[in-house]
Structures are given as C-alpha cells and as structure tokens.
Amino acid sequence: MFRHTRLRLITLALLAIGAVLYGAFTGYFGLEVLTEIAILAILVLSLDLVAGFGGMVSLCHGALMGTGAYAFAMLASDLGLSPAAAMAGAIGLTGAVAALIGAICARSHGIYFIMATLAFSQMGYSLVFESPWFGGDDGLSDVPRPDLSAIGLDLNDPRTFTFWCLAALALAYLVAAQVLRSGMGRSMVGLMHNEKRLRALGLTAWRVKAVAFGISGAIAGLAGVLAAQQTQYISPGLMAWTVSGEALVVVILGGLGTLVGPLVGALLFVMLRHEVSAFTPYWHAVVGMILVAVVMSRANGVYGWIEHRLSVRGAHGKPIEPEVENA
Amino acid sequence: MPIDPGFWVLQTLNALQLSMLLFLLSVGLTVIFGLMHFVNLAHGSLYALGAYVAATVAGLAGFGAGVVVAPLAVATLGAALYFLLIRRMRRAGPMAQVLVTFGLIFVAMDVTRMFWGDLPMGISVPAWLNGQLDFLGIEYPAYRILIIVLGLITLAALTLVLTRTQVGAMIRAGVDNDQMAACLGINVERMFFIVFVVGCALAGLAGAIAAPVLAISPDMGLQILIPTLIVIVIGGLGSLKGAIAGSLIFGFVQTFGAVLAPSLASILIYALLAAVLVLRPAGLFPTKG
C-alpha cells in the first residue's frame with residue numbers, strides 16, 4: 001500500500017525546493033536540462049503507477065507518450081483546435097488508447113504482459129513511421145505552445161516553460177498519489193499480490209487493470225504533450241520501444257513501487273547522461289553497466305536502497321526486519 | 001493480383017529465407033526460456049556480434065572460416081556470460097532478467113561501436129555462392145538458397161536430437177518439470193549450461209550467415225530482437241514446434257504482406273501478434289508449464 005512516509009515527504013520537499021531554486025537562477029542550458037528531467041519524471045511516474053503498484057510492467061509507455069505528442073500536434077495543427085483544447089483532447093485520447101490496451105492485455109501476466117505491450121508499442125511505431133498522414137519518418141514540425149497570456153504568462157519564455165512543466169509534474173504526482181489511495185488503487189495493489197483472491201471477492205479484474213492503465217496512459221500522454229511543446233517538433237523516434245525500455249530503466253534505477261524513487265531516478269538519469277556524454281560517446285555502455293549492477297545487487301534502486309537502509313537503522317534494538325513498504 | 005507462378009515461387013523462397021534466419025535465432029531463445037525460464041533480451045546482441053566476428057574473420061581468412069569461427073566465438077562469450085550473470089539471475093523474476101539483459105544490450109551495442117565503428121560493414125561471399133541458381137523456372141541467388149538449406153539442416157538436426165536422443169529426452173524432461181527431472185538424477189544445471197551455449201552458438205551462426213544479405217551495423221541486434229520475440233511469443237515460449245511455426249508465420253506474413261498489401265504490411269504482423277495473445281495468451285504451441 002502506498003503511504004507518504006516521513007522520508008518520502010522530506011525527499012519530495014527537497015526535490016521541489018531544489019527544482020524551484022535551480023529553475024529560478026540557472027541559465028538557458030540548465031533550464032533545458034530541468035525541463036527534460038520534469039518530462040521524463042512524468043513519464044516514469046506513470047510507469048511506476050502500473051508497474052510498481054499493479055505488477056503491469058509495460059513496454060509501451062514510450063509509445064503512449066508518443067501518442068500524446070502526436071495527438072496534440074495533430075489536434076492543434078491539422079484540426080486547428082486551440083492548444084488548451086488540443087492538450088485536453090490528446091491526454092484524453094491517450095488515456096482511452098491505454099485503457100483499451102490494458103483491457104486487452106489484462107489476461108496476460110509476467111513476461112507475456114511485457115511482450116503484449118511491446119507488440120502494441122511496435123504497432124504504434126510502425127503506424128506512425130509508415131503513414132504519410134503522421135508525417136512518416138520526417139515527423140511533424142511547428143507544434144504550438146499554449147497561449148497563457150490571459151494570466152500574464154508567456155510560454156515561449158524558456159523559464160516560464162520550465163515552470164509550466166514542473167507544475168505539470170506536481171499535478172501528475174498528486175493525481176498518481178490520489179489514485180493509489182483510492183479504492184481503485186488499492187484494488188490494483190491487491191490484484192498484483194493475489195489476483196485469484198480478489199476475483200473470489202467479486203472484483204472485476206480486467207476493469208480495474210484497464211482503468212489503472214488508462215490513468216497511467218493519460219499521465220504518459222501529458223508527458224508526450226509537454227515533450228512536443230518543448231521541442232515544437234516530433235518524430236517517430238519518440239515512439240521507439242527503446243524509449244519505453246529507458247523509462248523502465250529509470251524506474252528501476254530510482255526504485256520500483258515507491259513513486260518518489262522514479263523522480264529521483266529521472267533526476268539521476270538525465271544528469272548522468274549529460275555528465276557521462278561530456279567525456280565519452282559511449283554513455284549507453286555506462287548506463288547499461290550501472291543497470292546490471294543495480295539489478296544484480298537486489299536493491300530496489302537507489303531510493304529503495306536508501307529507504308531500506310534507514311528503516312533498518314531506525315529499528316535498532318528490535319530484530320532487524322525492514323519495514324516492507326507497499327507489501 | 002499477379003498470376004505468374006514464378007512470382008509465387010520467388011516470394012515463397014524469400015519468405016522461407018527470412019523464416020529460417022528467424023528460426024535460427026528464435027530456437028535458441030525459446031529453448032533457453034523453456035528450460036531455464038530465462039528471458040535473454042541480449043540474444044539479438046549475440047547475433048550482431050556473430051555478424052561482426054564473421055566479417056572480421058572473413059576478411060582475414062575467407063568466408064568459410066568466418067562462418068565457423070563466429071558461432072564458436074559467440075558460444076565462448078555465452079559461456080562467460082552464463083557464469084558471470086545468467087547463473088545468478090536464474091532465480092530472479094522475469095522483470096530482473098529483462099532489465100539485466102536490457103543493460104547488456106546497451107553495453108554490447110557500445111562495445112561493437114568501440115571496436116568496429118559506427119559505419120555499416122559489408123562482407124563478401126565466395127564466387128561459387130555469388131551466382132544465381134535455376135529453381136523451378138526462376139533465377140534465385142545461390143547464397144539465399146544456402147540460408148534456407150542451412151536452416152532446414154539445423155531444424156532437422158535439432159528435431160532429431162530433441163526427439164530421438166537421450167540428451168533430447170533429458171532436455172524435454174527439464175522443460176516439462178525441472179525439479180522432477182533433477183530428482184530423477186538428471187544434472188539439470190549442466191543441461192542448462194549446454195543449452196544456453198548451443199543457443200548462443202546458433203545466434204552467432206545466424207549473425208554470420210545473415211551478414212552478407214543485411215548490412216552489419218551496431219543496432220542490427222536491436223532490430224532483429226523484436227521479430228525474434230514476436231516469433232517465440234506467437235509460437236509459445238519454450239517450444240521447438242512453436243519456434244518453427246512462429247518463424248514460418250512471421251516470414252510468410254511479412255514477405256507476402258509486403259508485396260500484396262504494402263500499406264498494411266508493417267502493422268499486419270503486430271495485429272496478428274495481438275490477436276494471438278488475446279485468443280491464446282500462451283502462444284500457439286504452449287509448453288506445459
């Protein structure tokens with residue numbers, strides 16, 4: 001079950017303060033990095049929601065993010081909707097697509113679930129890559145940013161846009177935490193631990209999974225919309241399955257099923273990429289080795305490891321039995 | 001719709017050639033999964049490595065040497081991987097395995113870039129394989145016939161070993177129920193090792209013989225991974241029959257889809273996969289789990 005332990009609240013507060021201070025004082029490059037972190041954090045948050053709390057390890061979240069980006073671009077450019085309406089439409093559409101995928105895959109478990117979501121991810125990628133309607137491999141350009149001049153904000157200003165993304169991240173986190181505290185979220189956690197028992201209790205398993213996957217997809221769609229607004233250009237590369245794989249890597253590096261951990265993971269991952277690629281072109285190899293080491297160490301990512309250490313130390317005198325979160 | 005019989009023969013051969021290539025890759029992956037319940041996403045990277053080794057050795061000592069050395073080199077690497085990583089990850093869940101091998105993909109891709117550079121490499125085949133063969137009234141490249149023949153030989157050999165020999169019986173027993181097999185005195189651990197190494201060697205062989213028809217590039221392992229996974233998921237993880245059926249289905253759907261319905265071709269195979277997963281979540285020929 002998801003709870004806001006004191007450690008998690010402290011971490012969240014530190015992350016928020018750090019992001020706001022950094023965003024307020026850094027230069028153009030720093031703002032780009034911060035925006036990148038915020039968007040990745042929204043994506044991995046959505047993935048942790050279903051993978052960490054529902055056992056639905058998805059390899060289609062990159063494609064869902066791409067769906068959000070493409071839906072936003074096409075609703076805004078081709079159908080001429082206002083950016084705000086296009087955002088709402090894109091997020092809703094991605095959520096609906098995700099709910100459908102969740103419903104179809106609800107019967108699969110473990111490795112089959114991973115493969116099934118991978119299949120849908122690739123289906124979306126081929127569709128976008130091949131179809132001239134979606135710009136093919138050229139992608140789509142001139143994606144607009146919303147006009148918030150009514151409340152005195154100009155999103156074409158890099159700093160304002162960064163805070164726009166940070167605000168979206170905060171909203172996404174609140175939604176995810178609220179979902180996990182709701183009855184639906186608890187049912188999802190229950191399904192992960194013992195599906196048969198919950199079925200016996202009268203729960204419609206596929207419906208819970210579909211709704212959860214839909215909500216998660218909508219959050220991933222939000223990440224996609226922001227990614228499209230950030231670069232104002234989108235290409236099918238956004239939907240490649242390796243994007244989903246990387247998102248999963250970030251969730252694991254941070255700590256699966258902690259909701260706060262993936263945020264830390266996103267921060268570390270983007271920083272690592274910038275630091276490592278500054279002195280070697282082979283940063284993928286470095287990330288790969290770190291990933292292998294983290295998984296082999298059996299720790300639940302960086303943040304999961306910290307939580308574990310602190311809970312062991314907090315229990316001095318008592319038998320060392322780490323408090324198992326979310327169990 | 002073309003009615004020329006030559007067209008159908010040609011496309012059937014193309015489909016068979018793709019199927020056989022995928023079969024070589026998927027059979028190793030699927031038997032490893034069936035026996036060890038281990039998901040090796042890095043299987044495609046082993047295939048890419050096979051292609052690179054073959055190209056390098058072929059440049060020094062001729063094509064034949066490349067095709068022989070590549071599977072051996074990849075099998076050696078597979079043995080090293082087994083002792084360093086795979087053995088320890090056996091008891092971990094599928095999620096941890098997917099992630100560790102995903103990390104290996106990253107490492108392997110950059111290692112090939114370090115040694116062989118970013119540019120695609122070519123590999124030339126000997127003159128006697130370079131020509132065209134007359135086959136049922138059409139001209140077909142001799143080398144592609146060789147791929148089909150090699151695939152069929154491997155298929156026959158594996159079928160024989162698995163169904164007619166004692167080792168095969170032991171492997172099948174291990175796939176059915178590894179604990180029971182161990183109780184009956186079979187050294188399951190050693191069998192795992194052998195199967196893993198043979199699977200790696202087959203991936204290396206696939207890379208070596210695919211090298212002349214496809215461009216050798218650092219991401220070729222990543223590109224072949226998805227088709228291979230589709231093959232084994234359609235066929236059913238862990239079954240030889242499934243790998244055969246899956247490769248043939250993939251080869252024919254992909255090839256004929258591309259000529260008969262080009263606009264649908266790329267989606268067709270994924271739609272088929274989704275349909276299989278919905279109707280038969282454990283694939284067409286599931287192994288008893």
Side-chain angles (χ1 to χ4, degrees), chain A residues 51-52 55 57 59 100-101 103-132 240-242 244-246 248-249 251-253 256 280-298 300-301, chain B residues 33 37-39 41-42 45 84-85 88-89 92-114 118 218-219 222 225-227 229-230 232-234 236-237 262-279 281-283 286:
Chain A
V57 180
L59 269 184
L100 189 66
I101 295 177
I104 294 175
C105 298
R107 277 173 64 200
S108 311
H109 296 93
I111 191 69
Y112 286 95
F113 189 88
I114 299 179
M115 293 301 148
T117 49
L118 181 61
F120 283 108
S121 163
Q122 284 292 311
M123 219 188 292
Y125 177 74
S126 319
L127 190 69
V128 167
F129 193 83
E130 306 265 322
S131 164
W241 76 274
T242 42
S244 310
E246 264 181 22
L248 198 55
V249 168
V251 172
I252 297 304
L253 287 182
L256 182 75
T280 165
Y282 304 116
W283 82 276
H284 267 116
V286 177
V287 169
M289 282 186 276
I290 293 176
L291 177 66
V292 171
V294 167
V295 178
M296 297 278 294
S297 74
R298 301 284 165 92
N300 182 16
Chain B
F33 181 85
H37 297 283
F38 190 88
V39 192
L41 284 192
S45 305
L84 285 175
L85 284 176
R88 289 183 214 178
M89 296 304 298
M95 169 93 175
Q97 296 168 349
V98 163
L99 285 161
V100 163
T101 50
F102 192 68
L104 283 181
I105 294 181
F106 280 168
V107 176
M109 214 156 74
D110 272 0
V111 168
T112 46
R113 281 174 61 209
M114 270 177 226
D118 276 328
D219 64 343
L222 212 52
L225 179 64
I226 303 287
L229 289 175
I230 293 177
I232 64 172
V233 172
I234 287 183
L237 287 170
S263 53
L264 285 177
S266 57
I267 302 173
L268 214 55
I269 192 71
Y270 300 114
L272 182 73
L273 174 59
V276 167
L277 279 167
V278 171
L279 300 174

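All values derive from a computational prediction rather than experimental measurement. All chains are named by letter (A, B, ...) in the order of the sequence lines, taking the proteins before the strands, and each is independently numbered beginning at 1.
- Contact annotation for A/I104: both backbone and side-chain heavy atoms come within less than 4.5 Å of a heavy atom of chain B.
- To the nearest 0.5 Å, the span separating CG on B/L41 from CG on A/L59 amounts to 8.0 Å.
- Among residues at least two apart or in separate chains, there is no salt bridge (Lys or Arg N to Asp or Glu O under 4.0 Å) pair with a member in residues 94-108 of chain B.
- Proximity to chain B (any heavy atom under 4.5 Å) is restricted, for A/L118, to the side chain, taken from C-beta onward.
- With a threshold of 4.5 angstrom between heavy atoms, B/L84 approaches chain A through N, CA, C or O but not through any side-chain atom.
- Judged as a side-chain hydrogen bond (donor to acceptor under 3.5 Å, both in side chains), the pairs with a partner in residues 100-113 of chain B (not counting sequence neighbours) are, in order, B/D110-B/R113, B/R113-B/D118.
- Contacts of B/V39 with chain A are made by side-chain atoms alone, with heavy-atom separations under 4.5 Å and no backbone atom involved.
- Note: A/I114 CD1 to B/Q97 CD = 9.5 Å, rounded to the nearest 0.5 Å.
- At a 4.5 Å heavy-atom cutoff, the contact between A/W241 and chain B is made by side-chain atoms alone.
- Only the side chain of A/F120 comes within contact range of chain B, with heavy atoms under 4.5 Å apart.
- If you take CG on A/L291 and CZ on B/F102, they are separated by 8.0 Å, rounding to the nearest 0.5 Å.
- Counting heavy-atom pairs closer than 4.5 Å to chain A, the top-ranked of the candidates B/V98, B/I230, B/L104, B/L222 is B/L222.
- Among A/M115, A/M123, A/R107, the residue making the largest number of heavy-atom pairs under 4.5 Å with chain B is A/M123.
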